[in-house]
Undergrad: 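Quick one: the structure is below, and I'll ask about it shortly.
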Amino acid sequence: MIDYSKVLNSRISAVPPSGIRKFFDLLEDMPDAISLGIGEPDFPTPWHIRDAGIYSLEKGFTKYSPNAGFSELRRQIARYLQRRFDLRYDPRNEILVTVGGSEGLDLALRCILEPGDEVIIPTPSFVCYGPLVSMSMGVPVYVETKAEDAFRLTAEQLKNAITPRTKALVLPYPCNPTGGIMEKADLEAIAQVLEGTEIMVISDEIYAELTYGGLHHVSIANIPGMRERTFVVNGFSKAFSMTGWRMGYLCAPKELIGSMIKLHQYGIMSAPTTSQYAAIEAMKNGDEDIEDMKKEYDGRRQFLLQGFRDIGLECFEPKGAFYMFPCIKSSGLDSDNFCEKFLLAEQVAVIPGSAFGPGGEGFVRCCYAASMQELATALERMEHFIKHR
Ligand code: PMP
C-alpha cells in the first residue's frame, strides 16, 4: 500500500484548494440558479473566429506548430499590440504563444524563481498567483489594496513590501475581482520605486481590452525603464470570448523568452493548432467584436452599480474587467457565509471576496458577464435577501 502523503510533493500538497470551488460544487445541484460566479464571458466566440478554426480543420491543418507558435500568429499579435496598446515586441523572438494566460503566468514565475524568492502580489486578486509562486518554491508576499485607493497598488505600499529577497511584482490590472485599474501616473510612481532594482514585473493584462469611462489600458512595459524587466501576459479568453480555446501569449525581452521557451517546449510542446488558426483571425479582424462586447458589458456595469447602490450596498465603481465588488459588511455576515446563505436562500451564486486574498473579506465578487435579465433578477433577490434574512 503506497502512502501517498509521502510520495506527493509537499509544496503542492500544502497549497489549499481554491475558495471558489465550493460554490461551483454547490451550484452543480442547483440547475436553475443564476450564476454570477464564473469569470467567463457569456458570449460565444464571434462566428468568423470559430469559422477560421473550423476551416483549418477542414483543410487538415492538424499538426504541431513551432514551439513558440505559428510565426503568422506572432506577427499578428505584434501588430495588434502596437495598434491597441502602443506596445512593440519583435514577433521573431519576443512573443511566445501559450496555453491561455494561465500558462504565461506559470512560465514567467518558473523561469525566474529560486527557492525562497519573494513575489509581491497585490490583493484582492485572481486566485492563481500565490499558489503558482508557492509551487515554484517562491514565497508570496501579499499587499492589501484598499477601496479608498480604488484598489490600486500605491508606491508607498510597494516600497514597504520590498526586502532583499524580493524577486518580482505581480501587477494584476485591470483587476479580477475588484475592477480596479492602474493609470499612467500610478504606474510611473511604481516604476520610480523599481528603477535601479532587479525586481521583475509580471503584468497580467488579460483584461486590457475591458476598460470603461473613456479610460484606456496602459501597460507598465510602456513606462520608461520598465520594458526590460516586464513580462506582459495576455490572451484571447476575455477580449474575444475564447476561454475554451486556451489561447494566450507572453511578451518579454528575448533573453527571457528564450528561457521560457524551454519550459514550454519540454512541458507543452506547442499551443493547440486549431486554436492558433482561430486566434490569427481574432487578431486580424476582431477589433469590432471587442468594441461590441465592451459596450454591452459597460451597460451592465452601470446597471448593476446603480442597482447595488439603490439597495443600500456600498460599491466601488469598477473601471475595468467585468466584475463588481460590493461591500456586504452591512449584512453582518462574513463574505463566505453571505455567499453560501444567499445561494441557498435565493439561488444566486456570487463569490466571497475572501477567496481573493487579504482585503477581500467583507466583499463579494459578482461577474456581470450575464444577461441583463439575469442581472435584474439577481439584484431583486439580493435586495430580498438583505431585507428579509
Ligand atoms: N488572469 C486573470 C486575472 C484571470 O481572471 C484569468 C481567468 N479567469 C486568467 C488570468 C487566466 O485566463 P486564461 O488562462 O483563460 O487566459
Side-chain angles (χ1 to χ4, degrees), residues 18-21 23-24 35-43 45 49 69 73 77 80 95-110 119 121-133 140 145 151-153 169-182 201-211 217 219-220 231-251 264 267-268 271-272 275-276 278-279 282-283 286 290 297 318-325 350-351 353 355-357 360 365-370:
S18 160
I20 298 184
R21 198 64 263 154
F23 289 88
F24 294 142
S35 175
L36 308 186
I38 303 180
E40 178 160 54
D42 58 320
F43 304 104
T45 304
I49 299 175
L73 175 55
I77 290 171
Y80 162 87
I95 298 176
L96 171 60
V97 178
T98 56
V99 181
S102 302
E103 193 211 349
L105 292 166
D106 191 34
L107 293 185
L109 289 163
R110 284 167 68 198
V119 178
I121 303 171
T123 62
S125 60
F126 185 43
V127 292
C128 81
Y129 309 123
L132 287 181
V133 168
T145 63
F151 292 111
R152 296 171 192 206
L153 174 70
L169 162 70
V170 173
L171 265 189
Y173 295 98
C175 185
N176 167 11
T178 64
I181 62 165
M182 294 279 274
V201 178
I202 296 160
S203 187
D204 183 350
E205 304 187 13
I206 198 105
Y207 293 102
E209 289 287 5
L210 300 177
T211 53
H217 174 71
S219 173
I220 192 163
F231 298 85
V232 173
V233 175
N234 207 328
F236 295 78
S237 288
K238 317 292 170 164
F240 298 97
S241 224
M242 290 178 69
T243 45
W245 297 80
R246 308 309 304 127
M247 269 285 101
Y249 52 92
L250 242 170
C251 306
H264 177 77
I268 302 284
S275 302
Q276 290 193 54
M283 292 282 92
I290 297 172
Y297 289 138
K319 294 287 170 58
F322 40 48
Y323 306 99
M324 200 65 60
F325 205 52
V350 298
I351 305 291
F356 302 96
R365 186 191 78 173
C366 307
C367 175
Y368 53 83

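All ligand and atom numbering here is 1-based and tracks the order in the structure. Note that these values count all heavy atoms, side chains included, but never hydrogens, waters or copies made by symmetry.
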Undergrad: Measuring centre to centre across the rings, with the benzene-like ring taken for any Trp, is Phe126 within less than 6.0 Å of Tyr323?
TA: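 Not under 6.0 Å, so no.
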Undergrad: Number the atoms of ligand 1 from 1 as they appear, then name those within less than 4.0 Å of a heavy atom of Asp204, with their elements.
TA: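 Near Asp204, the atoms of ligand 1 are 1 (N), 2 (C), 3 (C), 10 (C).
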Undergrad: For atom 9 (C) of ligand 1, what's the nearest protein heavy-atom neighbour? Residue, atom name and distance, please.
TA: Phe126 CE2, 3.5 Å
Undergrad: So, does Gln276 use its side chain to make a donor-acceptor pair with the main chain of Ala271 at under 3.5 Å?
TA: yes
Undergrad: Under 4.0 Å, counting heavy atoms only: does Thr243 come that close to any atom of ligand 1?
TA: no
Undergrad: For ligand 1, which atoms sit closer than 4.0 Å to a heavy atom of Ser237?
TA: 13 (P), 15 (O), 16 (O)
Undergrad: What pair of heavy atoms forms the shortest contact from Ala369 to Asp42, and how long is it?
TA: O-CB, 3.2 Å
Undergrad: Check each of Ser125, Gly101, Pro177, Ser102 against atom 16 (O) of ligand 1 and report the one with the nearest heavy atom.
TA: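 It is Gly101 whose heavy atom sits nearest to atom 16 (O) of ligand 1.
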Undergrad: Testing Lys319, Glu205, Met182 for side-chain contact (heavy atoms from CB on, under 4.5 Å) with Tyr173, which one passes?
TA: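 Single side-chain contact (heavy atoms from CB on, under 4.5 Å) partner of Tyr173 among Lys319, Glu205, Met182: Met182.
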Undergrad: Name the one of Pro124, Cys175, Cys366 that satisfies side-chain contact (heavy atoms from CB on, under 4.5 Å) with Phe325?
TA: Pro124
Undergrad: Can you name the atoms of ligand 1, numbered from 1 with element, that are less than 4.0 Å from a heavy atom of Tyr129?
TA: 3 (C)
Undergrad: Report the part of Tyr173 in contact with ligand 1, treating N, CA, C, O as backbone and CB onward as side chain, heavy atoms under 4.0 Å; options are side chain, backbone, both, neither.
TA: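 Contact part for Tyr173 vs ligand 1: neither.
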Undergrad: Is it true that a side-chain atom of Thr98 and a backbone atom of Gly100 form a donor plus acceptor pair closer than 3.5 Å?
TA: yes
Undergrad: Heavy atoms only: which of Glu205, Arg246, Lys238 lies closest to atom 7 (C) of ligand 1?
TA: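 Minimum heavy-atom distance to atom 7 (C) of ligand 1 goes to Lys238.
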Undergrad: Could you tell me which atoms of ligand 1, counted from 1 in the order shown, lie closer than 4.0 angstrom to a heavy atom of Gly100?
TA: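 Taking each heavy atom of Gly100 in turn, ligand 1 has 14 (O), 16 (O) under 4.0 Å.
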Undergrad: Measure centre to centre between the rings of Phe322 and Tyr207, then say whether the value is under 6.0 Å.
TA: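 Between Tyr207 and Phe322, which both carry aromatic rings, the centre distance is below 6.0 Å.
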Undergrad: With a 4.0 Å heavy-atom cut-off (strictly under), which part of Phe236 contacts ligand 1: side chain, backbone, both or neither?
TA: neither
